[in-house]
There are 2 protein chains.
Amino acid sequence: MTKETIDTADVNVDNRYSACLLFSANALARVITAIGDEEFGRLGLAYSHAYLLREVVDQPGVTPTQLSNTLFLTPSTITRLIEKLEQKQLVERRAEGKNTKVFPTIKGEQLRDEVVAAWLRTWDRYSNAIGEEQVKTLTQQIFKAAQSLGAV
Amino acid sequence: MTKETIDTADVNVDNRYSACLLFSANALARVITAIGDEEFGRLGLAYSHAYLLREVVDQPGVTPTQLSNTLFLTPSTITRLIEKLEQKQLVERRAEGKNTKVFPTIKGEQLRDEVVAAWLRTWDRYSNAIGEEQVKTLTQQIFKAAQSLGAV
DNA sequence: AATTATTGTTTGCACATACAAATAAGGATT
DNA sequence: AATCCTTATTTGTATGTGCAAACAATAATT
């Protein structure tokens, strides 16, 4: 377990990058993803796989395009994620005309509760680190900003 | 130019993911990175390359470890970024004992002003989308959160 | 002085993501 | 009906990032 670390102990908190949204947003995403992958990783899933799986379990027959819109990921990325989940036999695809419908397998359905549980654990970890209230407001602001910027 | 798009027009703003920090943070990072890469892309650089280059120009002889701490990226990632910049002949490495020191080339130094200019352009675009004041506060909050969560 | 531990850097591998182009199916227009 | 246009999905390729392990150099301990 020789996980690479970043030693921030001696970093000036007010370095120039703290004033840069591009930098900060990516830093936050990486830190948070690390935590998320740690929790979802116990189920053998990356966080985005877990999200997609849950979406498929809750909406059997959902199409890649719909998933793309819901998860804010491009169609090609969705295809790749589905491929991975198919390999793990958690979902399966059925072609219908020009659409592809994605269904959960039994194995996939059975994993749902664990996914939700992992989800709650990540929430707890964020809350412990920065406070439950702060998690809420920050999430809201971030989501709104992402929407505004995405529309540009 | 058949860039993949994500159609968010018909997405419910209050879907369950808007309440999830992991999801929102990554969505924001992707949107923002797309804008940043567009601006820095004119210089033939990804945004992280631009950041690293600026760091090297401003602190000639900086080591990968220092860069790792400043840029919140793991040492291996730093190595990869340096390799890329070396290929473009914008920086060069000199081994000194167990340390590696990174210096800008003349070509690299000449690019500095353009990097700063691109930086300002990204700032303008964020401000136009979500307001200058909001960019400031959001950036601050995000950076703080990243620090708190990173320390866990 | 010799061995062990620590620190700094790089490398092999893997993964999430995206762009651009390809393919395929439906719809629209003539 | 035949042609063009649009929409849905997949595929080839590339990039940024990280983990784990390898390597190299210095420091610490015996």
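Spacing between atom CD1 of A:Ile78 and atom P of C:dT17 amounts to 9 Å, rounded to whole angstrom units. Look at CD on B:Glu4: it is 16 Å from P on D:dT13, rounded to the nearest Å. Per the geometry, CD belonging to A:Glu38 stands 15 Å off P belonging to D:dG18, to the nearest Å. Between the CZ atom of B:Phe72 and the C1' atom of D:dG16 there is a distance of 18 Å, rounded to whole Å. Atom pair B:Arg30:CZ and C:dA16:P shows a separation of 13 Å (rounding to whole Å applied). If you measure from atom CG of A:Leu52 to atom C1' of C:dT17, you get 14 Å, rounded to the nearest angstrom. Look at NZ on A:Lys98: it is 11 Å from P on C:dA25, rounded to the nearest Å. Here the C1' atom of nucleotide C:dA16 and the CG atom of A:Leu45 are 14 Å apart, to the nearest Å.
Note on A:Tyr47: every side-chain N or O is 4.0 Å or more away from OP1 and OP2 of C:dC15. Regarding contacts with the backbone of D:dT15, every side-chain N or O of B:His49 stays at 4.0 angstrom or more from both OP1 and OP2. Here B:Arg80 does not reach the OP1 or OP2 of D:dG18: none of its side-chain N or O atoms lies under 4.0 Å away. At the phosphate of D:dT10, OP1 or OP2 sits under 4.0 Å from a side-chain N or O atom of A:Thr100.
Among the heavy atoms of the strands lying under 4.0 Å from B:Pro75 is at least one base atom, whether or not backbone atoms are also near. When heavy atoms are screened at a 4.0 angstrom cut-off, B:Ser48 is found touching the sugar-phosphate backbone but no base atom. Using a 4.0 Å heavy-atom cutoff across all strands shown, B:Leu73 reaches sugar-phosphate atoms only and no base atom. Across all strands, B:Ala46 comes closer than 4.0 Å only to sugar-phosphate atoms, never to a base (heavy-atom distances). Among the heavy atoms of the strands lying under 4.0 Å from B:Thr63 are primed sugar atoms or P, OP1, OP2 only; no base atom is included.
Counting atom types as modelled, B:Thr74 pairs no side-chain N or O with a base atom of D:dC19 as donor and acceptor under 3.5 Å.
In this structure, B:Arg94 is positioned above the aromatic face of B:Phe103, its NZ or CZ under 6.0 Å from the six-membered ring centre and within 45° of the axis.
Both A:Thr77 and A:Asn99 lie close to DNA chain C; mapped to their nearest nucleotides by heavy-atom distance, the more 5′-ward contact belongs to A:Thr77. Take the nearest nucleotide of DNA chain D for B:Gly97 and for A:Lys101: the residue whose nucleotide is more 5' is A:Lys101.
A:Lys136 is listed as a side-chain neighbour of A:Glu133, based on a closest heavy-atom distance under 4.5 Å.
Among all heavy-atom pairs drawn from A:Pro64 and A:Val102, the shortest one is CD-CG2, 4.5 Å.
Between the side chains of B:Thr79 and B:Ser76, no donor-acceptor pair is found at a separation under 3.5 Å. No donor-acceptor contact under 3.5 angstrom links the side chains of B:Thr70 and B:Glu55, judged on distance only.
Among the nucleotides C:dG8, D:dT10, D:dA20, the one closest to the side chain of A:Arg93 is D:dT10. The side chain of A:Lys84 lies closest to C:dC15 when the candidates are C:dA20, C:dC15, C:dT9.
Within 6.0 Å of CD in A:Gln89 there are 12 or fewer heavy atoms belonging to other residues, nucleotides or ligands.
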